[in-house]
Amino acid sequence: MSKSNYLNDVHQVAELIPKGRVTSYGAIAEYLGMKSGARLVGWAMNAAHSNPKVPAHRVVNRNGLLTGKAHFATPTRMQELLEAEGIKVLDEQVVNFQNIFWNPLIEL
DNA sequence: ACACTGACCACTG
DNA sequence: CCAGTGGCCAGTG
């Protein structure tokens, strides 16, 4: 298996995202100490397929846009999962994003 | 060992 | 406003 630290950390943080809340790749990256390692978070999320516990649908980009939706089973899967938690999505974008944004730096 | 890629972000022109 | 570039870390060819 891998010895990658960030991958494991990213997954652990993602698992801590409360239901009905969302966070951004950059926020997780910053929490882990990466200034601009948001890409790694995206890569980690891609690897998160092995971890069904990781709610990848709660991780969006800094604009609240569902950039990762294309990587789900279906392009609409991510939005449906979010709406099932009470998160409204309009035009691939989380509504009230700022309000439900979960920042690990502050809340964790 | 080298080059390229990736579910991103911020800056510059 | 849109396009391009650098930066971060790990994986793959």
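Order of the sequence lines sets the chain letters (A, B, ...), proteins ahead of strands, with each chain counted from 1.
- A:I17 places its CD1 atom 18 Å from the P atom of B:dA7, with the value rounded to the nearest Å.
- With hydrogens and angles disregarded, no donor-acceptor distance shorter than 3.5 Å links the side chain of A:D91 to the backbone of A:Q93.
- Residue A:M34 places its side chain closer to C:dC9 than to any other of C:dC9, B:dA7, C:dG11.
- Residue A:Y25 is classed as a base contact, given a heavy-atom separation below 4.0 Å to a base.
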Which donor-acceptor pairs under 3.5 Å do side chains of residues 29-49 of chain A form with protein atoms, sequence neighbours excluded?
none

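- Minimum heavy-atom separation, A:P104 to A:T23: CD-OG1, 3.8 Å.
- A heavy atom closer than 4.0 Å to some atom of DNA chain C occurs in no member of residues 51-83 of chain A.
- Going from atom CG of A:D9 over to atom P of C:dA10 covers 11 Å, rounded to whole Å.
- Using a 4.5 Å cut-off between side-chain heavy atoms of Ile, Leu, Val, Met, Phe, Trp and Tyr, with links allowed through other members, A:F101 and A:V10 fall into different hydrophobic clusters.
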Side chains of residues 57-74 of chain A: which donor-acceptor partners sit under 3.5 Å, not counting sequence neighbours?
{"residue": "A:H57", "atom": "NE2", "partner": "A:E85", "partner atom": "OE2", "Å": "3.1"}
{"residue": "A:R58", "atom": "NE", "partner": "A:E85", "partner atom": "OE1", "Å": "2.9"}
{"residue": "A:R58", "atom": "NE", "partner": "A:E85", "partner atom": "OE2", "Å": "3.1"}
{"residue": "A:R58", "atom": "NH1", "partner": "A:I17", "partner atom": "O", "Å": "2.9"}
{"residue": "A:R58", "atom": "NH2", "partner": "A:E85", "partner atom": "OE2", "Å": "2.7"}
{"residue": "A:N61", "atom": "OD1", "partner": "A:N63", "partner atom": "N", "Å": "3.2"}
{"residue": "A:N61", "atom": "OD1", "partner": "A:G64", "partner atom": "N", "Å": "3.1"}
{"residue": "A:N61", "atom": "OD1", "partner": "A:L65", "partner atom": "N", "Å": "2.6"}
{"residue": "A:K69", "atom": "NZ", "partner": "A:E92", "partner atom": "OE2", "Å": "3.3"}
{"residue": "A:T74", "atom": "OG1", "partner": "A:R77", "partner atom": "N", "Å": "3.2"}

Could you write out DNA chain C as a dot-bracket string, with dots for unpaired bases, | for bases paired across to another strand, and Watson-Crick or G-U pairs counted at under 3.5 Å? .||||||.|||||
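- Separating the CG atom of A:L7 from the C1' atom of C:dA10 is a distance of 9 Å, rounded to the nearest angstrom.
- B:dA7 sits 23 Å from C:dC2 when the C1' atoms are compared, rounded to a whole Å.
- With rounding to whole Å, A:K35 atom NZ is found 11 Å from C:dC9 atom P.
- One atom, CE of A:M45, and another, P of C:dC9, lie 18 Å apart when rounded to the nearest Å.
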Polar-atom pairs under 3.5 Å, protein N or O versus N or O of nucleotides 2-5 of chain B: list them with distances, or write none.
none

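- The nucleotide whose nearest atom lies closest to any side-chain atom of A:A38 is, among B:dA7, B:dC9, B:dG6, B:dC9.
- Going from atom CD1 of A:I28 over to atom C1' of B:dA7 covers 11 Å, rounded to whole Å.
- Put simply, A:M78 and A:V54 are part of two different groups of oily side chains (I, L, V, M, F, W, Y) that touch within less than 4.5 Å, one to the next.
- Between A:I87 and A:E83, every side-chain heavy-atom pair lies at or beyond the 4.5 Å cut-off.
- Residues A:L16 and A:W102 approach most closely at O-CZ2, 3.8 Å, considering heavy atoms.
- Among all heavy-atom pairs drawn from A:V22 and A:V94, the shortest one is CG2-CG1, 4.4 Å.
- Atom CD of A:Q79 is separated from atom CG of A:L82 by 8.0 Å, given to the nearest 0.5 angstrom.
- With sequence neighbours excluded, the residues that form a side chain to side chain donor-acceptor pair (under 3.5 Å) with A:K53 are A:E15.
- When hydrophobic clusters are built by joining Ile, Leu, Val, Met, Phe, Trp and Tyr residues whose side-chain heavy atoms come closer than 4.5 Å, directly or via intermediates, A:L108 is grouped together with A:Y6.
- Atom pair A:E30:CD and C:dG7:P shows a separation of 19 Å (rounding to whole Å applied).
- In this structure, A:N103 places its CG atom 13 Å from P of B:dC9, rounding to the nearest Å.
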